[in-house]
Structures are given as structure tokens and as C-alpha cells.
Amino acid sequence: MRDRSQLDRQYVWHPFTAMQGWLDAEPVVIERGEGVYLYDTRGNRYIDGVSSLWCNIHGHQHPHINEAIRKQLDKIAHSTLLGLGSVASIELAERLVSITPQSLTKVFYSDSGATATEIAIKMAFQYWLNKGEKGRTRFLALRNSYHGDTIGSVSVGGIRLLHQIFGPLVFEASFCDCPFPYRFEGTAEECKEYSLGQMEGLLQEFEGRVAAIIMEPLVQGAAGLIMHPEGFLTGVKELAGRYGVLLILDEVAVGFGRTGTMWACTQESVSPDLMCLGKGLTGGYLPVAATLTSQTVFEAFLGEPTGMTTFYHGHTFTGNALGCAAAVASLEVFENEGTLARLPEKISLIDKYLREISELEFVGDVRQRGMMAAVELVADKGTKRGFESGRKMGAKVCQVLRSKGVMMRPLGDVLVIMPPLAIGLGVLEEMLELVKECVGKDLRKK
Ligand SMILES: *Cc1c(COP(=O)(O)O)cnc(C)c1O
């Protein structure tokens, strides 16, 4: 058999990957998946500990989703939504509107989280134009936020390592510090008030010129699973209302049960003007994303077809039928298997292990929201001083975990524990036990 690792290095350029190091190493090549397991070309089995980058929900090759895709395939794989309707896209849109916060009434499809946020940004901008307010071109976002990698979503992204390089290409946005109690001197409440104060400062500075606030509700994923203090989202919503700007919530990572409830924003009873969905939308099977909007936003785009109020944006595969069928099937699995109802015991188990892990020598902080958990490795627990980044401790620990059959991908020195929601208690415990064991080793020697 041909050596796939060799061919990978010869032909494939990987995302978010320093390719020099990649070429010098032996890549693992995944051949198939089943349930929460991934299998590589050499026959090794791994627990999919990051849900194939936070998107898998019910496991791989779920019979119901597989079946739905096959059935759809026997009808049609794709037809355009430009000027035509399609059955699968209608069915999914109706379902999404019925299960998302009440303010949301329309679904605009695209194919990735980045396009979902890109679309929300363009819609928010044009919304104000259509209403005759030309000066509202500014977006407010949080430092360390991540909304995807297209130029618009990078413009509102606040992670320096990822976003700084493209500085000359992006539009200007304003950022306030994200509330991160672990790295804040003061209580969680003070941390929250501090960030809200900064946000209000920006709203005052740019009064009449802000189009929208965009943020990840409850958890800033790519930042290292930074978890906001309770009430922060409510505070932002209140500010958006008081200053009359739109609120865009990016639920690409936190949506579809990740935080323990279907949506993160409902935990604080917040309804946004626009909401972005991706990752888990199809159960993690196919690239479909969606931007949902309120009726008010939608109606600003009505008017004479010859006028300039139309939203001129779309993608070839907008509303892809196979993807929409997978998404509908995924929502059915949520119902059939009581996916959300079965989370609390898994969440408690993670909590129990995190408490134990937090006692370990090189662990600075542990944090959890539902089925999203993080373990922050530090060189010095007392001062919270991190390891030098060149040592890549997060990657090293994950390398050891991989050799023990757990696939995880860290964010710097933050270990990300995010298995499929459907993971069984036994496998979850096995995985957490291995994480505890690997983090418990003497990391000084690594
Ligand atoms: C992953 C992610 C995105 C981007 O989604 P892609 O499908 O990778 O483009 C956007 N926002 C958040 C919060 C994400 O976690």
C-alpha cells in the first residue's frame, strides 16, 4: 500500500499548521471514524477528544445521519438557492427558526463559520445604510475573539498571533478587553464590570457610528476557552439596546449543546439581532453554516427590486441539500436520543476530574462550561507564570495523549477537552483519566 503519510507531505498544505515542522514529522492520517473513535491508516484507534475540531456531536457514522444523507443523495446533491428554492434548505430553515431565540425569523445559508460571521457583518453594515444611516461603519468586538479567517471576520478578530499579520488588509474595528477572571486582579464581578465599562466607553466614543457589537457568547473558544463571568452577556445586550446598535452573537462554537443548553445565549435569556451558526449544525458532517436574523433586520432589506436595499451576497453551495439533510437529521437525533438531557452526568464527571486536575503542579487554571473544558498549563502555579511558548507544552502533552489513544488539539498551553456530546460515560472517564495522568507527569523534564 502506498505510504499516505509520505503522500500527505508531498501534496497537502494544512490549515493553521507550521508546514516546516509538519514536513519533518510523521503525520497521522485518518481513514475512518465510528462513534467517538477515529482510526488511522496504520490501524490505530483514538478517542476524538476535540470532536474533529469542535463540530462532531453524535459521533462519526451515526446511522440516522448517514441514512439521511444517502436518501437525499438519491434525490439531488445540490441545486442553487439563487433564484430557486430547495426542499432540504426549507425544512432546515423552519426547524432552525423554531428552536432558536424568538427574535430570529430568517435563515441565510453559507458554508463555514467564517462566512456566517462575514455575512452577519455585511448585513449589519447594510442594515443601517438601508435605513438611511450612512455613518454606521464601526464594529465593536472583544480582544481575543475569533470569528473565522476571511478578511471581514479577521477584521473583528482579536487574537494577535492569528490576526496581526493581516493588519494592512482588514477594516478598522474597536476592541475592548474580554473578561477573563483568571488573568484579572479582582473578583469576577469586577472583571465583568471592567469590560462592560470599556465597551460602554467605545459606544460613547463612536456614538452614532457603530453598526454592531459582535461577540462569542459565554465562551471565547479559540482564545483558549475564556469563559465570561455570569451576567456579562446580559450586560452587553443591555448596552446594545441602550445605545441602539445591533448585537451579533457568534454561536459557531458554543451552539448545538456545547455549553449544556442548545444555545449559549439562552442561558442569560439574551436574544440577538443576528446569530451565526456553523460547526455542529450538521452534526459535524458537512460544511453548512447559517446566519439567522430578526424580522426587523430582514425587513430593512425589502423594497423595490431595482433599489439598493438587496443583500448582494451568496455562495455557490449556499443551502447545499446534502448538508441541510444532515443538519435536519442531526436535530432529529437530538430529539430521538435525548442528547441534551443526557449531558448533566457527563458535565458532572468532567467537573469532578477538573477538580482533581486543578490540584496538579503545572496546572494554573481549569474551566468548564458544559461540554467545553480547558486545562491551562503553567510553569509556576503560584504566580500563574506560563511556560515559554517555544517549549510548546500543550502540544507535548497532547503528543503523549495521542500515543495513548486520545486525540486532542491544544490552544497554546491550554488543553482543550471537547469530546462529541454523545460520548459514553465510560469512554469519557477513560479519556479524563488519561488527561489527568499525562498532566500529572513532571512537565519540567519535557
Ligand atoms: C470555528 C469558529 C468560527 C469559524 O468557523 P469555520 O467553519 O472554521 O470558518 C467562527 N467563530 C467561532 C466562534 C468559531 O469557533
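Since the model is a prediction, treat every value here as computed from it, not as a measurement. Each ligand, and each atom within it, is numbered from 1 in the order the structure gives.
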- Query: Does F175 have R143 sitting over its ring (NZ/CZ under 6.0 Å from centre, angle to axis within 45°)?
  - Reply: no
- Message: For Y37 and Y39, take the angle between the two ring planes, folded into 0 to 90°, and tell me which bin it lands in: parallel under 30, tilted 30 to 60, perpendicular over 60.
- Response: tilted
- Message: Distance under 4.0 Å to a non-hydrogen atom of G148: what atoms of ligand 1 satisfy this?
- Response: 4 (C), 10 (C)
For residues 405-420, dump all side-chain donor-acceptor pairs below 3.5 Å to protein atoms at least two apart in sequence or in another chain.
{"from": "R409", "atom 1": "NH2", "to": "F16", "atom 2": "O", "distance (Å)": "3.4"}
{"from": "D413", "atom 1": "OD1", "to": "M393", "atom 2": "N", "distance (Å)": "3.2"}
{"from": "D413", "atom 1": "OD1", "to": "G394", "atom 2": "N", "distance (Å)": "2.9"}

- Note on the structure: One finds that the ligand 1 atoms under 4.0 Å from a non-hydrogen atom of A253 are 15 (O)
- Query: Any ion pair linking R138 and E205 (charged N to carboxylate O, less than 4.0 Å)?
  - Reply: no
- Message: Show me which atoms of ligand 1 lie under 4.0 Å from any heavy atom of G113.
- Response: 4 (C), 5 (O), 6 (P), 7 (O), 9 (O)
- Task: May I ask whether D250 has any heavy atom positioned less than 4.0 angstrom from an atom of ligand 1?
- Result: yes
- Do the two ring centres, one from H58 and one from F334, sit under 6.0 Å apart? yes
- Query: With only distance considered, is V252 within less than 3.5 Å of ligand 1 through an N or O on each side?
  - Reply: no
- A student checking ligand 1 against A114 at a 4.0 Å heavy-atom cut-off should list atoms 4 (C), 5 (O), 6 (P), 9 (O)
- Message: Geometry only, no angles: is K279 polar-contacting ligand 1 at N/O separations under 3.5 Å?
- Response: yes
- Residue portion contacting ligand 1 (non-hydrogen atoms closer than 4.0 Å) for E216: side chain
- Is the shortest side-chain N to carboxylate O distance from R367 to E376 below 4.0 Å? yes
Check: residues 270-280 side-chain donor-acceptor pairs under 3.5 Å, at least two apart:
{"from": "D273", "atom 1": "OD2", "to": "L247", "atom 2": "N", "distance (Å)": "2.8"}

- Can you check whether a protein heavy atom sits less than 4.0 angstrom from atom 5 (O) of ligand 1? yes
